[in-house]
Amino acid sequence: MTTELNNLDGPVWTPDMDGYDEARLGFQRLDPHRPAYIVGAASAKDIQSAVHFARENGLKVAVKAKGHGHLNPLDGGVLITTDRLNDVAVDPTTKTAWIEAGATWKQVIEAAAPHGLAPLSGSFPNLGAVPYILGGGLGLMARQYGYAADHVRRIELVTPDGVLRNAEDDPELFWALRGGIGNFGIVTRLQVDLFPVTTLYGGSLYYDLSANPGALEAWREWTETVPDNVTSAIALLNFPDIPQVPEPLRGKQVAQLQLSILDGGERLIRPLREIGEPVVDTVGELPYTESAKIFAEPDRADAFSSRNVLLSALDPKGLDTVRTGSEAQKCIVAIRHLGGALAKEPERANAMGHRDAQYSVTVLSIGEQDQSARHRAVLEPFADHVIGRLLNFSSASLDEADLRAAFDEGDYDHLWELRARYDADELLQPNHPI
């Protein structure tokens, strides 16, 4: 039996060592990992060594990049952190980038920008790029180009037997990794397409719902008319009446209309401006390097939980119920418009399901308490149109029925068979275990 982790390029921590807590904690602070060992992987070889060590000692393995999606805490075992594996290599000729496991979208954006290119990054650039892609990746240009997972060319990973592989050598494995979220190995790096985009017309219109109660419905009606170059979302926010909140938002229930448009922006959003006078307006031409300003999400570690559903249609009565419901006013409710390129099968099929979904609804709560009952209650008005869920937006433990709902019929069973083939001993402890 192997009892030590030696000759690694990166550091190793045990619970009695300085730096252990800093290494195990991520952006998500709800129920953190408590591993027996932490391997700060600085190379693919380190990941292989950590996997071999865990297998030989009968230990489970979990992986943490930035730690945004963490929801299945490891108790004992080996936690592999990938923040030291953060190289980004852009090839402007092929319009692609190789992204290592711990790189953030901010790093990819900054590496691509000098070449007049941009990735299919999400609303929060400090998010780890690779886990985002493996869960599908619903980004700022999603309706124009589809999921980030649709544009993966190659994947390098360490499978649970400790072997470094190219996923495309097994078409089934390559299919499963793009949407199957961490169940088949530990991705060390992957290659994705980049796009000739330097600017976006975007930002947010914040409407006080007491003065403009029809803002949610106006946005819904608008989404039924827009072309594919428009990707948008709306968040229902309830701001406390405290000095830390900017004065225009303080004490208000607000609809934040989040807009990302590739061409013709001001003309296209004219119907939204007719809602009324926004209390805050951040919309305008933005360099892609400043795309974080569109959603303006807080960049602080916290404990949170969320639940997501995919809808075939967005019921106006459901929207109104959410706006006025007392449970929803204790949460953040975020609705994203889908369709467009998201509805199209990519050139190389992947495990992303429910491409016919028209909207995604996520309810999120801050804090340590179990919010599952409240989240279900908030989502109940949309129940008649639920057709599935997005795992990237579900930061709560899901049962098998919930997990099946993330995939098209038959795909969950196929994924389960592939996991049994690659990880029969269930060495890996992913966030959403199949």
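Values below: every heavy atom of this structure, side chains too, minus hydrogens, waters and symmetry copies.
- Within the 6.0 Å centre-distance limit, the rings of His151 and Phe195 are counted as a close aromatic pair.
- Taken from CD1 in Ile38 to CG in Leu5, the straight-line distance is 12.0 Å, to the nearest 0.5 Å.
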| field | Working for side-chain hydrogen bond (donor to acceptor under 3.5 Å, both in side chains), residues Glu110 and Thr289 | value | CA-CA 7 Å; Glu110 291 176 349; Thr289 51; over 6 Å; no
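- Ion pairing between a basic and an acidic side chain is recognised when a charged N comes within 4.0 Å of a carboxylate O; Arg270 and Glu266 show no such pairing.
- Contact of the Asn229 side chain with the Leu268 side chain is registered, since non-hydrogen atoms from C-beta on lie closer than 4.5 Å.
- Between Tyr132 and Trp105, the distance separating the two ring centers is shorter than 6.0 angstrom.
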| said: Before you tell me yes or no, could you show the steps for Thr96 and Asp91 under side-chain hydrogen bond (donor to acceptor under 3.5 Å, both in side chains), namely the whole-Å CA-CA distance, both residues' side-chain angles and the distance that decides it to 0.1 Å? | reply: CA-CA 5 Å; Thr96 61; Asp91 184 339; 4.8 Å; no
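- Checked against the 6.0 Å centroid criterion, the rings of Phe124 and Phe295 do not qualify as a close aromatic pair.
- Checking side-chain atoms of Thr104 against main-chain N and O of Gly128 turns up no donor-acceptor pair under 3.5 Å.
- The closest donor-acceptor contact from the side chain of Asn308 to the backbone of Leu390 lies under 3.5 Å.
- Using a cutoff of 4.0 Å between basic side-chain nitrogens and carboxylate oxygens, Arg34 and Asp75 are not scored as salt-bridged.
- With hydrogens and angles left out, the side-chain atoms of His375 and Ser365 include a donor and acceptor closer than 3.5 Å.
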| field | Residues Tyr201, Glu285; criterion side-chain hydrogen bond (donor to acceptor under 3.5 Å, both in side chains); working and verdict | value | CA-CA 4 Å; Tyr201 186 86; Glu285 197 80 14; over 6 Å; no
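- Counted within 6.0 Å of NZ on Lys60, heavy atoms from surrounding residues, nucleotides or ligands total more than 12; the atom is thus considered enclosed.
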| query | Could you walk me through whether Glu224 and Arg220 pass the salt bridge (Lys or Arg N to Asp or Glu O under 4.0 Å) check? | reply | CA-CA 7 Å; Glu224 295 181 342; Arg220 186 197 68 80; 2.8 Å; yes
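- Between Tyr412 and Glu400 there is a side-chain heavy-atom pair separated by less than 4.5 Å.
- In summary, Arg250 and Glu247 do not engage in a salt bridge, as defined by a charged side-chain N under 4.0 Å from a carboxylate O.
- Side-chain contact between Cys331 and Arg374 is present, with heavy atoms from C-beta onward closer than 4.5 Å.
- A donor-acceptor pair is defined here as one N or O able to donate and one able to accept, closer than 3.5 Å; no such pair exists between the side chain of Asp281 and the backbone of Pro278.
- Counting only heavy atoms from C-beta outward, the side chains of Phe393 and Leu138 approach each other to under 4.5 Å.
- A donor-acceptor pair under 3.5 Å is absent between the side-chain atoms of Gln429 and the main chain of Leu427, judged by distance alone.
- A salt bridge links Glu156 with Arg189: the distance from a Lys NZ or Arg NE/NH1/NH2 to an Asp or Glu carboxylate oxygen falls below 4.0 Å.
- When side chains are defined from C-beta on, Asp150 does not count as touching Tyr145, because their heavy atoms never get closer than 4.5 Å.
- Between the side chain of Asn183 and the backbone N or O of Ile434 there is at least one donor-acceptor pair closer than 3.5 Å.
- In this structure, the side chains of Leu209 and Val254 stay at 4.5 Å or more apart for every pair of heavy atoms.
- Judged by a 6.0 Å distance limit and a 45° cone about the ring axis, Arg404 is not positioned over the six-membered ring of Phe407.
- Under 3.5 Å, the side chains of Gln258 and Ser232 contain no donor-acceptor pair of N or O atoms.
- Side chains of Tyr147 and Leu120 form no contact here, defined as non-hydrogen atoms less than 4.5 Å apart.
- The existence of a salt bridge linking Asp193 and Lys95 is excluded, since no basic side-chain nitrogen approaches an acidic carboxylate oxygen closer than 4.0 Å.
- In this structure the side chain of Leu79 never reaches within 4.5 angstrom of the side chain of Val39, judged on heavy atoms.
- Residues satisfying the side chain to side chain donor-acceptor pair (under 3.5 Å) test with Arg389, not counting sequence neighbours, are Asp402.
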| task | For Asp299 and Asn126, run side-chain hydrogen bond (donor to acceptor under 3.5 Å, both in side chains): C-alpha distance rounded to whole Å, both residues' side-chain angles, the deciding distance at 0.1 Å, then the answer. | result | CA-CA 8 Å; Asp299 187 7; Asn126 285 334; 2.6 Å; yes
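- Taking 4.0 Å as the cut-off between side-chain N and carboxylate O, Asp320 and Arg323 count as a salt-bridged pair.
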